[in-house]
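Structure, as structure tokens:
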Amino acid sequence: MAQPVEIAESEFIEFVTFVAGEQSFCIEITQIREIRRWSPVTILPHAPDHVLGVMNLRGAVIPIFDLAAKLGLGRITPTERHVIIIAAVNGQTIGLLVDSVSEILSVRHDRVQETPNVRADDTTTCILGVIPIEEGMTRVIDLGRIVPAKAEGAA
Amino acid sequence: MKPKVLAIDDSRTIRELLRVSLEGAGFEVTSAEDGVDGVSRFPDVAPDVVITDINMPNMDGFGVIDAIRKGAVNSTVPILVLTTESAPELKARAREAGATGWIVKPFDDTSLISVLKRVSGA
Amino acid sequence: MSINSIRDTFFEECEDLLDALIEGLAEMSGGSYEGETVHAVFRAVHSIKGGAGAFGLNQLVGFAHTFETVLDRVRSDQLEVDPELMRVLQRAGDHLSDLVEANRIASEVDEGTHASLLQALNGFLGIDPADGEDGGQEEEFVFEALALDLDLQDDIGGQTDGYEIRFSPNPALYANGHEPLLIFEALAGLGSLEVAANTTDLAPFADLDWKAPKTDWIIRLRSSEPEHLIDEVFEFVEGLCELSIEAIQTDPPEEAAADVPDLDDAAPDGGADPTPPAAASAPAEEAVKVVDLAALRTSPADAEKKQEPKAANGPRPTLRVDLERVDRLINTVGELIINQAVISQRIEEIGLPSGSGLSTELEDYKLLAREIQEGVMAIRAQPVKPLFQRMSRIVREASDATGKAARLVTEGEGTEVDKTVVERLADPLTHMIRNAIDHGLEGPEQRARAGKDAVGTIRLAAFHRSGSVLIEITDDGAGLDRDRILETAVSKGLVPAEAELAPGEIDNLLFMPGFSTAKEVSNLSGRGVGMDVVKTAISSLGGRVTITSRAGEGTTFSIVLPLTLAVMDGMVVKVAGQTMVVPISSIIETIRPGPDELHRFGVDGWLLSIRGSYVPIIDVATSLGRGVPDADVRDQVLLLIQTEGQSHCALAVNGISDQRQVVIKSLEGNYGHIPGVSAATILGDGKIALIIDPDAVVANSSAALRRVSDPRPEKEIANGAAG
């Protein structure tokens, strides 16, 4: 039953785990560029709820997404205690607003399990798989699902 | 020391092809993009063989041969002309001008190298 | 460097060569050209052929060969350039560029065009279609003859034991860079070799001319290889020596041996003839050599001088740089500009006493940064010339397709524009020129009736105007038929039947999606592109397109483009608490309206009365989806802008804080397109500000849908605004 998910070929995969909307999530460490404190963003017009705005990251314009809102877990009201995870996917660089970053998790790839087949909702469509951890379980984020495809635009 | 080739052609593509083929065969290649450029590089490069195109701006292949054979340079270095024409009169003209031999475009590596070795012994 | 990347080099080079070809042909068709122009055109085709041959692109080689042969006749004055030849040459140029493109993307060209052009070119070579086929057969015959030859050789080879070669080089052989030793080595590769030298004619050592050593050789080659291989070894020295090659039969070995005593007799005979001329020419050559060597040693400066004029005449030296490197540099310079703005702002905040000198240094820093930026941007700037020249083809094709004779006149080809702009203008220009010929120019009878030249003129002009590039496409046709345009728009439901539109607004209906005015579907229509696509393409470059038209005189499409895509002058404004930037280029003036200049209109709409006309007010925040206006229009600042429809609008913002040059940052790379926003920029405080696209804001706004009937003609508003 414990089927490895197609994530990487190597024996061990490292993930950064974090909390958003009171649940534990993680992103493969190779996709993460940096982690920084929340700072106010420039609001984008005609943007969906989970798009907080854009921020300046050393001259690049980076869109910031509210991960909890995207996953249907309610919006975060950002404060200075909140954290932005800068990640790269499909040639795009984005930021994810989360509550806090927990740890770096190193697991054998066969410990990553397929998402249990429950009803499809905002969360499950964005999850690649799950990893059992001491505190219960962490969910592997499919960044490609978070980012709007370039061509179709934001609206 | 590697034998040195001075390759003169106004076509970037042909220059690249020559460079890749010749370097692969152990030659050191200097490229020039027209006759004037080629002749001006000649003294510094002191090539063992010159390969030159015929149709070029500024100075054509016959001009190059002339400048190398007579003129200031005055050398009997082997000179091969690159030609797309296999017409006998063009070869005759090149020979008359002082060319050592010719390479008919399109050339393949084997024939290029064999012609080169034939005239330069390199 | 793989063969594939050389293939890429070839296609890159083809672009340059095709540009040169088109430029040369354009000069030739202009009538005043020099021989060098024809040479350059010939060379372009010749180089394409040469490269294509290397990659086995046979169809391309074949066509280039025929094309080149015609050009060769032209340059050697065997063919006179008449209009018909010129027409064929230009179309052959067009077709050659199609062939190159087809080979690049591995597709096919139109067979009919290919065949008819080949036939036309062959026609100038005096080959009619039937002869052309014969020509092909002749070539095959040559090959067959060659094959037959080989068979014969092989037959002889079977009986041959070896060859006796008498080889007596002329001085010219050495002068041409040949080395007998290498020839012997090559022969040695074919069998076992005995070489005997006859040195009787060799001069005493002291007098020896190393350029023409007088030695004859008798070579005995034991080999069963066919004779043509022996011939091949001597291929390059043919005519530079006395040469006889005789096959030796195996059977009588005595005969072969008997030949040897003859050697001494034979050699002097062979060498006797060339000796006197060699002796005569050798001292002369020696003398020339001494003089030249002296010249070379004593005055290298002279040699340099000799070359200088040539270098000056040639193209200026250029450097090919990976575009990505340039763009990285541009990006970094952009950062520098932002950094400079941040520093300026920080220092201002500290409030240093004046006279500290820092502000002067800061000003210098700013100027230097700007200078670097301009320099870097200039790297990307390219003249529009190649783009314009490509359009001559479009004119020819459109002219052929519609049966309307047209000529292209270009102006300001040297005007430089950003590389991306040049590239992305090709499609819109193509479409506009087709349109100008298809819809703009009248048919022949109509032109005759109007007393116009039978050949229509399409004028393509580029020039710089106050920090922008202006490109105009003008036809000398009938002008826009506004009644018809309006009628069509109404019939297609694009505007309500009762709409009263100003002339400028009617003209702009052409840019509405799905609009087409062609009375009958011509060959050019139905390509699935409308003027709306043109407008979108130009907008995406930060440009605008406008129309002016005069009945009976023609129509002009004017495209205003930013000089660069990397920076622009912007007005920094506040909108719903956010800082945003409006391009200065679209702002006519800023207005703080008095209460009597504002008039309610509809439920929550407002009009601004300015110089006797009424202009709709558009709340930027509302248009950008911020819901109900968060400020009363009476407290707002208005930016009077001219929209693409040439009508005026007032954009309401909370306030204006600054006017400055901003670095344009794309939003689409990491996010996507946002309606009403063209890009973003980074301000002095490091925050991102969105750059507003005024036209899109107007289009977004529901207020824009309510047409305001204008009490005054457009022209007067424009004049009023200018005054």
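Naming: A, B, ... by sequence-line order, numbering from 1 per chain. Predicted model only: the values in this text are computed from it and were never measured.
Exactly one residue among C:K49, C:H46, C:E13 makes a side chain to side chain donor-acceptor pair (under 3.5 Å) with B:S11. That residue is C:E13.
At a cut-off of 3.5 Å, with distance as the only test, a side-chain donor of B:D108 or B:S111 sits close to an acceptor on the other residue. When only modelled atom types and interatomic distance are considered, C:E27 and C:T37 share a side-chain donor-acceptor pair under 3.5 Å. Side-chain N/O atoms of C:N176 and B:T100 include no donor and acceptor closer than 3.5 Å.
Contact annotation for C:V61: neither backbone nor side-chain heavy atoms come within less than 4.5 Å of a heavy atom of chain B. At a 4.5 Å heavy-atom cutoff, the contact between B:R69 and chain C is made by side-chain atoms alone. With a 4.5 angstrom heavy-atom cutoff, B:I68 does not touch chain C via any of its atoms. Both the backbone and the side chain of C:H178 have a heavy atom closer than 4.5 Å to some heavy atom of chain B.
Ranked by heavy-atom pairs shorter than 4.5 Å toward chain B, the options C:E12, C:E36, C:E179 are led by C:E12.
A cation-pi arrangement, defined by a distance under 6.0 Å to the six-membered ring centre and an angle within 45 degrees of its axis, is present between B:R93 and B:F62.
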